[in-house]
Amino acid sequence: MLEAFLDWLAGLPPLPTYLVLALLSSVENVFPPVPADVAVALGAFLAQRGEVSAPLLGLACWAANQLSATGVYLLARREGQAFFAHRWVRPIVPPAALEAIGEAYRRHGVAGIFLSRFLPGARAAVLPFAGAVGLSPARALLPCAVASGIWYTLLIVSGAALGLIDRIAEKAVREGR
């Protein structure tokens, strides 16, 4: 299935490639099982084929991810603890746990938000919790954006490096080395 997706993605013109990968990056904050990181790294891998720009792809995916993360944060901030009672969010966090998370955010602040964005699986939960406990936008969104920018840069560099290695290996095979 992944190979079929890669082939389909590789066959797209540049603009739809950017749009598909940016969409996958944004959906991660609403539906965390979506493998946004894999999509970004695959896009950077494909960038080595010359169809898309890896830096532009990274910027588009980071911006889309931040936009959806901000939307989820603002909704959770508006709703407060009631955010986790919505049927579509499912009541997965009891009020006592939410209060403990809020206290941890207040105690560790910016560093906690920043470091949490590097943890797969937890990354998508950082801003809804921060919003629900009432953390200010500056204390929640800024460290999240910086951490995500670093993370997406690492993904783009790694994916592009693997794409370059693949291109070199293909060339060596073609030349019979």
Contact list for residues 128-147, test side-chain hydrogen bond (donor to acceptor under 3.5 Å, both in side chains), sequence neighbours left out = none
Provide the full list of side-chain hydrogen bond (donor to acceptor under 3.5 Å, both in side chains) pairs with a residue in residues 31-42, sequence neighbours left out, each pair given once.
-> Asp37-Arg123, Asp37-Trp151
Enumerate the residue pairs fulfilling salt bridge (charged side-chain N to carboxylate O under 4.0 Å, His left out) with a member in residues 151-162, sequence neighbours excluded, ordered by first and then second residue.
-> none
For [X] and [Y], work out which heavy atoms get closest and say how close.
{"X": "Ala145", "Y": "Gln66", "value": "CA-NE2, 3.4 Å"}
{"X": "Leu155", "Y": "Ala44", "value": "O-CB, 4.4 Å"}
{"X": "Ile113", "Y": "Ala130", "value": "CD1-CB, 3.9 Å"}
{"X": "Ala22", "Y": "Ala64", "value": "O-CB, 3.2 Å"}

Report the hydrophobic cluster partners of Tyr73, with the cluster defined as I, L, V, M, F, W, Y residues connected by side-chain heavy atoms closer than 4.5 angstrom, directly or transitively.
-> Leu74, Leu127, Leu141
Between Arg77 and Leu135, is there a donor-acceptor pair closer than 3.5 Å when you use the side chain of the first and the backbone of the second?
-> yes
Ser26 (side chain) donor-acceptor with Leu23 (main chain) under 3.5 angstrom = yes
Considering residues at least two apart in sequence or located in another chain, which fulfil the side chain to side chain donor-acceptor pair (under 3.5 Å) criterion with Ser68?
-> Asn29
Taking only residues two or more places apart in sequence, or in another chain, which ones meet Arg78 in a side chain to side chain donor-acceptor pair (under 3.5 Å)?
-> none
If hydrophobic clusters are built by linking Ile, Leu, Val, Met, Phe, Trp and Tyr wherever their side-chain heavy atoms come under 4.5 Å apart, do [X] and [Y] end up in the same one?
{"X": "Leu75", "Y": "Val30", "result": "yes"}
{"X": "Leu12", "Y": "Leu56", "result": "yes"}
{"X": "Ile150", "Y": "Val110", "result": "no"}
{"X": "Leu154", "Y": "Val38", "result": "yes"}

Show the numbers, then the answer: is there a side-chain contact (heavy atoms from CB on, under 4.5 Å) between Val40 and Trp62?
-> CA-CA 9 Å; Val40 173; Trp62 171 81; over 6 Å; no
Would you say that [X] contacts [Y] through its side chain, given a criterion of any heavy-atom pair below 4.5 Å between the two side chains?
{"X": "Trp8", "Y": "Val20", "answer": "yes"}
{"X": "Arg117", "Y": "Pro143", "answer": "no"}
{"X": "Ser25", "Y": "Tyr152", "answer": "yes"}

If you measure from OG1 on Thr17 to CG on Leu42, what distance do you get to the nearest 0.5 Å?
-> 12.0 Å
For [X], side-chain contact (heavy atoms from CB on, under 4.5 Å) partners two or more places apart:
{"X": "Leu57", "answer": "Tyr18, Leu21, Cys61, Ile156"}
{"X": "Phe45", "answer": "Arg49, Leu162, Asp166"}
{"X": "Ala63", "answer": "none"}
{"X": "Ser116", "answer": "Val126"}

